Amino acid sequence: MIEVAAVLSGVLKHWDDLTIILVMLFINAGVGFWQEFKADNAIALLKQRLALKARVKRDGTWNEIEARLLVPGDAVLVKLGNIVPADMKLIEGDYLSVDQSALTGESLPVDKKADDVAYSARSPSRVR
């Protein structure tokens, strides 16, 4: 609508109105660009800080690495409150309850024990 008003002001040769409308449009575009730029930077920073980490045993020592660097054969430690960083076979421990609702649609956590498979990006709600 404002662009139509600018065109009509130009056609009717109301230069003062046209100038005010164009200045308002450019200010609005600048503010919108700046807000979107700041929001994109904030999202990028959050993604960087919230990058999924995994506690992995390699060469006999436990290290914390980014989950994207996991390879088949890594031993991964999953404790209470952790997010399962990759699809994995549970090899030892008592049991844990895993929220798989996004994957399976189940409303309750699923109990897992040794030799079961836990699927990635699901948060264990209880470990015993």
Side-chain angles (χ1 to χ4, degrees):
M1 292 295 285
I2 294 177
E3 291 86 356
V4 172
V7 170
L8 289 176
S9 294
V11 169
L12 297 174
K13 299 181 182 178
H14 293 160
W15 305 121
D16 293 339
D17 293 341
L18 177 63
T19 303
I20 292 171
I21 291 170
L22 289 177
V23 167
M24 288 174 47
L25 279 172
F26 284 118
I27 289 173
N28 188 33
V31 168
F33 173 79
W34 181 252
Q35 287 178 339
E36 191 166 332
F37 176 74
K38 297 280 283 180
D40 288 343
N41 285 345
I43 289 172
L45 182 62
L46 282 172
K47 283 182 180 180
Q48 178 184 355
R49 288 187 180 174
L50 297 176
L52 188 57
K53 302 278 186 182
R55 187 105 173 120
V56 62
K57 188 174 188 177
R58 287 186 179 166
D59 301 323
T61 61
W62 289 98
N63 298 306
E64 188 169 295
I65 64 169
E66 291 185 32
R68 64 182 181 83
L69 299 175
L70 289 172
V71 295
D74 280 341
V76 179
L77 179 66
V78 180
K79 299 188 305 186
L80 177 66
N82 289 144
I83 295 174
V84 178
D87 293 350
M88 63 181 67
K89 183 176 181 179
L90 303 173
I91 55 175
E92 66 179 54
D94 293 328
Y95 78 92
L96 56 88
S97 290
V98 180
D99 178 8
Q100 296 184 154
S101 58
L103 181 64
T104 63
E106 298 175 30
S107 60
L108 298 173
V110 177
D111 289 338
K112 300 286 185 175
K113 59 185 181 336
D115 294 326
D116 285 346
V117 175
Y119 297 101
S120 69
R122 309 297 171 240
S123 177
S125 58
R126 176 178 72 233
V127 177
R128 287 192 184 168

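We count residues from 1, following the sequence as given. No hydrogens, no waters, no symmetry mates; every other heavy atom, side chains included, goes into these values. A quick note: this is a predicted structure, and the numbers were derived from the prediction, not measured.
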Could you tabulate the donor-acceptor pairs under 3.5 Å formed by side-chain atoms of residues 6-26, not counting sequence neighbours?
| residue | atom | partner | partner atom | Å |
| --- | --- | --- | --- | --- |
| Ser9 | OG | Ala5 | O | 2.9 |
| Thr19 | OG1 | Trp15 | O | 2.8 |

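Ion pairing of Arg58 with Asp74 is present here, as a side-chain N (NZ or NE/NH1/NH2) and a carboxylate O approach within less than 4.0 Å.
To the nearest 0.5 Å, atom CG of residue Leu77 and atom NZ of residue Lys57 are 10.5 Å apart. Note: Asp111 CG to Leu96 CG = 8.5 Å, rounded to the nearest 0.5 Å. To the nearest 0.5 Å, atom OH of residue Tyr119 and atom CG of residue Asp116 are 9.5 Å apart.
Lys112 places no side-chain N or O within 3.5 Å of a backbone atom of Val98 that could act as its donor or acceptor partner.
In terms of the ring-ring contact (aromatic ring centres under 6.0 Å, His included) criterion, residue partners of Trp34 (sequence neighbours excluded) are, by chain and number, Phe37. Take Phe33 and apply the ring-ring contact (aromatic ring centres under 6.0 Å, His included) test, not counting sequence neighbours, and it matches no residue.
Each of Ile83, Val84, Leu70, Asn82 was scored for a side-chain contact (heavy atoms from CB on, under 4.5 Å) with Leu52, with one residue passing: Ile83.
Hydrophobic cluster membership is shared by Leu69 and Val56, with clusters built from Ile, Leu, Val, Met, Phe, Trp and Tyr side chains linked at under 4.5 angstrom. Note on Ile65 and Val76: same hydrophobic cluster, where clusters join Ile, Leu, Val, Met, Phe, Trp and Tyr whose side-chain heavy atoms are under 4.5 Å apart, directly or indirectly.
Contact detail for Glu66 and Lys53: the closest heavy-atom pair is CG-NZ, 3.9 Å.
Between Val78 and Met88 there is a side-chain heavy-atom pair separated by less than 4.5 Å.
Glu92 CD: 12 or fewer foreign heavy atoms inside a 6.0 Å radius.
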